[in-house]
There are 2 protein chains.
Amino acid sequence: MKKTGPEAKLLVVDDEPNIRELLSTSLRFAGFEVVSAANGRDALAAAELHAPDLAVLDVMLPDMDGFTVTRKLRASGKHFPVLFLTAKDDTEDKVTGLTVGGDDYVTKPFSLDEVVARIRAVLRRTQPLLDDDAVIRVDDLELDDDAHEVRRGGVVIELSPTEFKLLRYLMLNPNRVLSKSQILDHVWEYNFNGDASIVESYISYLRRKVDIDPDAPALIQTKRGVGYVLRTAEKR
Amino acid sequence: MKKTGPEAKLLVVDDEPNIRELLSTSLRFAGFEVVSAANGRDALAAAELHAPDLAVLDVMLPDMDGFTVTRKLRASGKHFPVLFLTAKDDTEDKVTGLTVGGDDYVTKPFSLDEVVARIRAVLRRTQPLLDDDAVIRVDDLELDDDAHEVRRGGVVIELSPTEFKLLRYLMLNPNRVLSKSQILDHVWEYNFNGDASIVESYISYLRRKVDIDPDAPALIQTKRGVGYVLRTAEKR
DNA sequence: GTGAACGTTCAGAAAACTCACAGACTCCGG
DNA sequence: CCGGAGTCTGTGAGTTTTCTGAACGTTCAC
């Protein structure tokens with residue numbers, strides 16, 4: 001899955017240092033090259049200098065709002081797609097029109113995996129050259145990101161949004177034990193402040209839908225005191 | 001769907017920056033090469049310079065109206081088709097006569113998919129070389145853009161204009177989940193400011209007409225918390 | 001002008017979802 | 001075999017989402 005060299009170059013723009021760091025770090029870890037800016041002015045300069053493939057752009061910036069930044073970018077001939085970060089209650093109002101180009105948006109607070117998934121989706125849509133299939137496969141389990149659908153042995157499995165995100169995270173890390181806090185950090189919104197026991201609940205839900213057959217070896221396995229793994233058959 | 005190289009070169013002319021941007025962005029994303037101008041003078045210059053295949057032209061411009069622009073274009077030997085943007089209350093007689101050549105018009109406020117569809121229709125009519133079929137097919141569901149007709153298993157289904165546009169948008173994105181705001185942005189007029197619940201209503205209407213057979217697997221499916229998809233059977 | 005078709009909005013019911021809590025169960029060391 | 005930590009799962013409250021029907025407005029044909 002990982003290619004040689006970075007997947008794409010991203011420009012992250014947010015005035016809150018915490019969020020900017022959070023995003024930069026996890027996007028970098030996800031294989032992207034990342035440059036960041038704290039306001040609209042710097043964002044425009046960075047876009048000029050680095051020619052990113054996509055920008056992650058907070059709509060609320062100290063000097064000018066995200067739409068203005070986008071307009072200025074477009075005016076100077078930059079046509080890379082933008083993923084907007086909006087507050088949840090901005091929806092309906094200002095968000096309209098954000099999805100007309102290749103652009104998209106996620107609402108704050110977001111979950112990290114969600115952002116990565118949306119970035120990949122936008123890039124896939126705008127530069128279809130990279131035949132990233134959008135389908136993740138582990139044994140006879142398939143997860144189709146575009147259709148937002150999961151199949152086991154060809155049979156569709158209905159999952160709730162959270163169940164879907166959790167399974168997606170597990171499938172992206174097959175045969176790797178993931179701790180409950182790791183899972184929490186990736187799948188739940190970044191400001192979630194319940195405790196990790198909810199992961200147990202959702203693992204339980206998932207098992208009921210994914211690991212039904214009592215004869216087949218379970219895909220989702222518990223590592224006591226450590227976390228959970230998605231085990232493939234091949235890998236023993 | 002995406003070809004190598006742009007589909008055609010368009011000239012967008014509108015004095016309102018928002019509309020100009022909105023059009024440019026979504027047309028560019030639809031695969032066209034776009035240049036734009038804010039008034040008649042610039043439009044004539046741009047036409048001379050870029051030799052577009054079609055112009056999208058607001059009839060109300062600050063310096064001269066769209067018909068004058070067209071006349072001057074024709075006078076200087078430019079015979080590419082024009083898609084006029086007119087206000088809804090423009091008198092019939094002004095608009096009449098627009099559809100006699102290859103030209104066509106849409107009324108403001110328009111929906112983005114409508115404009116794209118009209119542009120494609122005009123280009124198809126004027127340069128029939130491109131064998132764009134104008135018929136979109138998903139399983140046994142056919143949508144004929146030219147005839148403005150929908151058939152399921154050969155049987156014609158009567159749809160209202162909005163139902164037709166909605167189904168069209170779904171059929172252009174089979175097996176891809178579309179959020180309610182995405183749908184709103186593409187199918188409804190750009191200045192629509194109701195909320196997304198109207199999408200739910202129209203999906204409901206569509207289902208009643210398109211997914212009648214309770215035995216057949218439903219084409220239109222809800223992805224709770226995410227949006228709606230048009231599912232094909234083949235896609236497994 | 002009148003009726004029919006179409007479009008929009010609203011409101012309520014039903015269904016689904018998220019999450020906390022708590023008791024039951026399992027594993028493991030001693 | 002016991003106890004405790006860790007894990008699993010049922011229950012239920014609160015919220016969100018979806019669906020539907022009905023009311024109201026607009027447009028169009030006659």
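When reading the values below, keep in mind they use all heavy atoms of this one structure, side chains included, and skip hydrogens, waters and symmetry mates. Reminder, nothing fancy here: chain letters follow the sequence lines and each chain counts from 1.
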Among the nucleotides [options], which one has an atom lying closest to any side-chain atom of [X]?
{"X": "A/Tyr228", "options": "C/dT8, C/dC17, D/dC8", "result": "D/dC8"}
{"X": "B/Thr222", "options": "D/dT7, C/dT18, D/dC19", "result": "D/dC19"}
{"X": "B/Arg224", "options": "C/dA15, C/dC19, D/dT20", "result": "C/dA15"}
{"X": "B/Phe192", "options": "C/dA20, D/dG21, C/dT9", "result": "C/dT9"}
{"X": "A/Pro161", "options": "D/dT7, C/dC10, C/dC17", "result": "C/dC17"}
{"X": "B/Ser160", "options": "C/dG7, C/dA20, D/dA5", "result": "C/dG7"}

Grab the [atom1]-[atom2] distance between [X] and [N] for me, whole Å please.
{"X": "A/Leu159", "N": "C/dC17", "atom1": "CG", "atom2": "P", "result": "9 Å"}
{"X": "A/Leu166", "N": "C/dT18", "atom1": "CG", "atom2": "P", "result": "11 Å"}
{"X": "A/Tyr202", "N": "D/dG10", "atom1": "OH", "atom2": "P", "result": "15 Å"}
{"X": "B/Asn191", "N": "C/dT8", "atom1": "CG", "atom2": "C1'", "result": "14 Å"}
{"X": "B/Ile198", "N": "C/dT9", "atom1": "CD1", "atom2": "P", "result": "6 Å"}
{"X": "A/Arg207", "N": "C/dC25", "atom1": "CZ", "atom2": "P", "result": "17 Å"}
{"X": "B/Glu189", "N": "D/dT27", "atom1": "CD", "atom2": "C1'", "result": "13 Å"}
{"X": "A/Ile220", "N": "D/dT7", "atom1": "CD1", "atom2": "P", "result": "15 Å"}

Can any side-chain N or O of [X] pair as donor or acceptor with the backbone N or O of [Y] at less than 3.5 Å?
{"X": "A/Asp146", "Y": "B/Arg176", "answer": "no"}
{"X": "B/Arg224", "Y": "A/Pro161", "answer": "no"}
{"X": "B/Ser26", "Y": "B/Leu22", "answer": "yes"}

Are B/Val116 and B/His186 side-chain neighbours, meaning at least one heavy-atom pair lies under 4.5 Å?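 When only atoms from C-beta onward are counted, B/His186 and B/Val116 do not touch, as no gap falls below 4.5 Å.
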With sugar-phosphate meaning primed atoms plus P, OP1 and OP2, does A/Ser201 contact a base, only sugar-phosphate, or nothing at under 4.0 Å between heavy atoms? base
Just to be sure I understand the rule, does A/Phe164 reach a base, reach only the sugar-phosphate, or reach nothing, if contact means heavy atoms closer than 4.0 Å? nothing
Side-chain donor/acceptor contact of A/Tyr205 with base of D/dC8 under 3.5 Å: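 Side chain to base: no pair below 3.5 Å.
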5' precedence on DNA chain C between B/Glu200 and A/Trp188 (nearest-nucleotide basis):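 The residue mapped nearer the 5' terminus is B/Glu200.
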Most 5' of A/Ser204 and B/Lys223 on DNA chain D, judged by nearest nucleotide: A/Ser204
Could you tell me how the ring of B/His148 sits relative to the ring of B/Phe164: parallel (under 30°), tilted (30 to 60°) or perpendicular (over 60°)?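 Rings of B/His148 and B/Phe164: parallel, as their planes differ by under 30°.
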